[in-house]
Each structure stands twice: as C-alpha cells, then as structure tokens.
Colleague: 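Structure below; questions to follow.
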Protein chains: 2
Amino acid sequence: MKKGLSETCYRFFVNLANPTRLATLEQLMKKPMSVNELAESLGQEQSMVSHNLKPLLECNFVYIERDGKKRIYFANKETIGALLKVVENHAQNFCPTGGKCHLKES
Amino acid sequence: MKKGLSETCYRFFVNLANPTRLATLEQLMKKPMSVNELAESLGQEQSMVSHNLKPLLECNFVYIERDGKKRIYFANKETIGALLKVVENHAQNFCPTGGKCHLKES
DNA sequence: AGTTTATATGAAGGATAATACATATGAAGT
DNA sequence: ACTTCATATGTATTATCCTTCATATAAACT
C-alpha cells in the first residue's frame, strides 16, 4: 500500500465514522456539555459516551474544561464546523437524495 | 440514538475511513486513472480496487468517463480538495504530532 | 459469434471496532 | 477519612467491515 496523505487522514476519518461520535459532536456544536448531559441528550449510557469521547479527545476534536466535579466538553468548532460545511456542500451538490442515499434504517 | 446531521454524515465518513479508499482518492487527485492503473499504482489487486471504488462512486466522491474498454475514474475535486484542506489545517493547528499521532505501523 | 481485455460482483473467512455491564478512579464536600 | 457524585476503564460479546479468491459481465475487435 502506497503511503501518503491518506495515512495522515486515516485516523481522522475513522474517528468520525461512528454515529455516536458524530451525534456527540453535533450536540457539542450546539453547546458545551458534561458527560452526563451528553449521555442524557443522546439517550446513551454514560460509559458509552465516555468511551467515545476518548478518541475524540485524542484527536482534539473536543477539549475539556473542568467545572467542579464535572468535566465540560467543548467541540473544536474550527475543525468540526469546517468539516460540516464540506459535508453539507457535498450533500447539496452531489447527493441526489441530499445526503440520505443508501441510508439503512437503524 | 438521536438522529440529525450525524446521520447524514455517517456514510460520508465511513466511506472515507479506509486506507485503500483514501489512497485511491489521493491518486485520483493527482490524475484520473483506469481501474488497472489504480491497482498498479496502489500495489493492490484489481478486484480490491473495484470493490473500494464502488462506495466512492455511490457517494459521488469519484465519477467515471468511458474510454473504449477502460473506465477512467476522476476524483470529485471540489469535495475531496476541500476535505483535505480541513484535515491539513487540523493537523497543523491541533495535532501535536502533525497528524501522525497514534498511527500504527502497518 | 467468438475471443480478448477491462471491470464488476459474490461469498467466505478473518480482522477490527462497537456496545453493554461491571468496576475503578478521582475530586468535593461533610 | 468517608461518602457521594462524575467520569473513566476493563472486558467479553456482538456486530461490522475488509480482504481474497473465484467468477460474472460487458464492451471492442476479429
């Protein structure tokens, strides 16, 4: 396998290719939240949210600020915002179904 | 699971979260190629390249033009170019290791 | 129509990641 | 120091995706 930019990108996209993590980022783009607030707003268990926050944190897609016992997670708006713009633009211009193509019901 | 933008994005990123497909896009950003040319330049089997081109095509990350027996694949430069810029920017600004963090040797 | 070349598809096996449950850490307040 | 609250981690099962080999399609040329 030839190596290049694709190698740099790989972890980046693997990290994003997960519904829980995408939903997490979506929530955090609206407002910063603690883990439990995230869990509640996502309807997921706390441990699952924690598990998925870890890779997001490692790649600096999110960052933390402490608030007493809580840890408030913030989205990296620069990267995530830019990314969402690309996706939206692609969906508008190149997806016949506006981004809903081949989507399996889950 | 709450549904929203994350749902639109999911297939998008799943599609990109694959080293073969990323390498394919990287090659096609340089120049359009047939399947066999791609296979050779990637050092992969033809069937594997074909398998991986399929989802790229479905999401319109690439498109085809016929040339006799060959099918020349083109990258969607608008989307892929914008995407790579976001990744590069993120790597520069937010990755301590410039995008090489936690990369396993393969 | 048959042959060759180019590409696509099917299906099985193995690898990898996601989820859920249980438990551990760790900070704050008493 | 003990308790409580908030979050993180470990592990096993399950689900998902990737790859490979074999085969099918399909166009162009004879």
Side-chain angles (χ1 to χ4, degrees), chain A residues 1-2 6-7 9-25 27-28 32-59 61-74 102-106, chain B residues 1-2 6-7 9-25 27-28 32-59 61-74 102-106:
Chain A
M1 170 78 60
K2 201 158 185 177
S6 51
E7 210 175 352
C9 297
Y10 179 60
R11 282 206 120 238
F12 188 101
F13 290 123
V14 164
N15 208 331
L16 295 168
N18 175 289
T20 302
R21 291 195 286 276
L22 285 172
T24 299
L25 290 172
Q27 292 299 108
L28 294 181
M33 276 188 248
S34 71
V35 177
N36 278 326
E37 287 173 314
L38 270 171
E40 191 177 0
S41 74
L42 294 171
Q44 298 287 143
E45 291 196 5
Q46 175 268 316
S47 76
M48 178 164 169
V49 174
S50 271
H51 273 300
N52 281 294
L53 280 168
K54 193 180 181 183
L56 292 176
L57 195 58
E58 281 174 354
C59 279
F61 290 147
V62 302
Y63 58 95
I64 300 184
E65 281 181 18
R66 296 193 133 283
D67 175 25
K69 290 184 201 174
K70 298 183 183 176
R71 300 187 183 189
I72 309 300
Y73 280 81
F74 293 71
H102 302 284
L103 205 62
K104 291 175 201 157
E105 286 301 309
S106 57
Chain B
M1 170 77 60
K2 200 158 189 179
S6 51
E7 209 173 354
C9 297
Y10 179 59
R11 284 205 119 240
F12 188 100
F13 290 122
V14 165
N15 208 332
L16 296 168
N18 176 289
T20 303
R21 291 195 286 277
L22 286 172
T24 299
L25 289 172
Q27 293 298 109
L28 293 181
M33 277 188 248
S34 72
V35 178
N36 278 327
E37 287 173 314
L38 269 171
E40 192 177 358
S41 74
L42 294 172
Q44 299 286 144
E45 291 195 5
Q46 175 269 316
S47 75
M48 180 164 167
V49 174
S50 271
H51 273 301
N52 282 293
L53 280 168
K54 193 180 182 185
L56 292 176
L57 195 59
E58 282 175 354
C59 278
F61 290 146
V62 302
Y63 58 95
I64 301 184
E65 281 180 18
R66 295 194 133 281
D67 174 25
K69 289 183 200 174
K70 298 183 182 176
R71 301 187 183 189
I72 309 300
Y73 280 80
F74 293 71
H102 303 284
L103 206 61
K104 291 174 201 158
E105 286 302 310
S106 56

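The sequence lines fix the lettering, A, B, ..., with proteins before strands; numbering per chain opens at 1. Side-chain atoms are counted along with the backbone in the values below, which use heavy atoms only and exclude waters and symmetry mates.
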Colleague: When the distance from CD of B:Glu45 to C1' of D:dC21 is rounded to whole Å, what number comes out?
Modeller: 8 Å
Colleague: Of the nucleotides C:dT19, D:dA22, D:dA27, which one has an atom closest to the side chain of B:Lys69?
Modeller: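 Nearest to the side chain of B:Lys69 among the choices is D:dA27.
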Colleague: Counting C-beta onward and ignoring hydrogens, is there a side-chain heavy-atom pair between A:Val49 and A:Leu53 closer than 4.5 Å?
Modeller: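 Touching, per the 4.5 Å side-chain cut-off.
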Colleague: How many Å lie between CD1 on B:Ile72 and C1' on C:dA6, as a whole number?
Modeller: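 So the CD1-C1' distance, B:Ile72 to C:dA6, works out to 10 Å.
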Colleague: Can you tell me the distance, in whole Å, between the CZ atom of B:Arg66 and the C1' atom of C:dA8?
Modeller: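 Answer to the nearest Å: 12 Å.
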Colleague: What distance separates B:Phe61 CZ from B:Leu16 CG, expressed to the nearest 0.5 Å?
Modeller: 4.5 Å
Colleague: In whole Å, I'd like the distance from the CG atom of B:Leu42 to the C1' atom of D:dT19.
Modeller: 15 Å
Colleague: What integer distance in Å separates A:Tyr10:OH from D:dC18:P?
Modeller: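 One finds 8 Å between P of D:dC18 and OH of A:Tyr10, rounded.
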Colleague: Quick one: on DNA chain D, does B:Arg71 or B:His51 contact a more 5' nucleotide (nearest heavy atom)?
Modeller: B:His51
Colleague: Could you state the CG-P distance from B:Asn18 to C:dT16, rounded to the nearest angstrom?
Modeller: 13 Å
Colleague: Return no unless some side-chain N or O of A:Ser47 is found under 4.0 Å from OP1 or OP2 of C:dC21.
Modeller: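 The answer is no; no side-chain N or O of A:Ser47 sits under 4.0 Å from OP1 or OP2.
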Colleague: CD of A:Gln44 versus C1' of C:dC21: gap in Å, rounded?
Modeller: 15 Å
Colleague: Measure from CD on B:Glu58 to P on D:dC17 and round the result to the nearest Å.
Modeller: 13 Å
Colleague: Return no unless some side-chain N or O of A:Asn36 is found under 4.0 Å from OP1 or OP2 of D:dT7.
Modeller: yes
Colleague: Base, sugar-phosphate, or nothing for A:Lys70, non-hydrogen atoms under 4.0 angstrom?
Modeller: sugar-phosphate
Colleague: Have A:Gln46 and A:Ser50 got a donor and an acceptor in their side chains that come within less than 3.5 Å?
Modeller: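 The answer is yes; a qualifying pair exists.
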Colleague: Are any of the side-chain heavy atoms of A:Phe74 and A:Glu65 separated by less than 4.5 Å?
Modeller: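 Yes. Closest side-chain heavy atoms under 4.5 Å.
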Colleague: Hey, is the side chain of B:Gln46 pairing donor to acceptor with the base of C:dA8 inside 3.5 Å?
Modeller: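 Yes, a donor-acceptor pair under 3.5 Å.
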Colleague: Considering heavy-atom distances to DNA chain C, does B:Ser50 or A:Arg21 have its closest nucleotide positioned more toward the 5' end?
Modeller: B:Ser50
Colleague: Tell me what B:Ser34 touches on the nucleic acid: a base, only sugar-phosphate, or nothing, going by heavy atoms under 4.0 Å.
Modeller: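 Touches sugar-phosphate only.
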Colleague: With respect to the phosphate group of C:dA8, does any side-chain polar atom (N or O) of B:Tyr73 fall under 4.0 Å of OP1 or OP2?
Modeller: yes
Colleague: Output the single nucleotide from D:dA8, D:dC17, D:dA22 whose closest atom is nearest the side chain of A:Val35.
Modeller: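 Out of D:dA8, D:dC17, D:dA22, the nucleotide with an atom closest to A:Val35's side chain is D:dA8.
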Colleague: Does the side chain of A:Lys70 reach to within under 4.5 Å of the side chain of A:Arg66, using non-hydrogen atoms?
Modeller: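 They are not in contact (no side-chain heavy atoms under 4.5 Å apart), so the answer is no.
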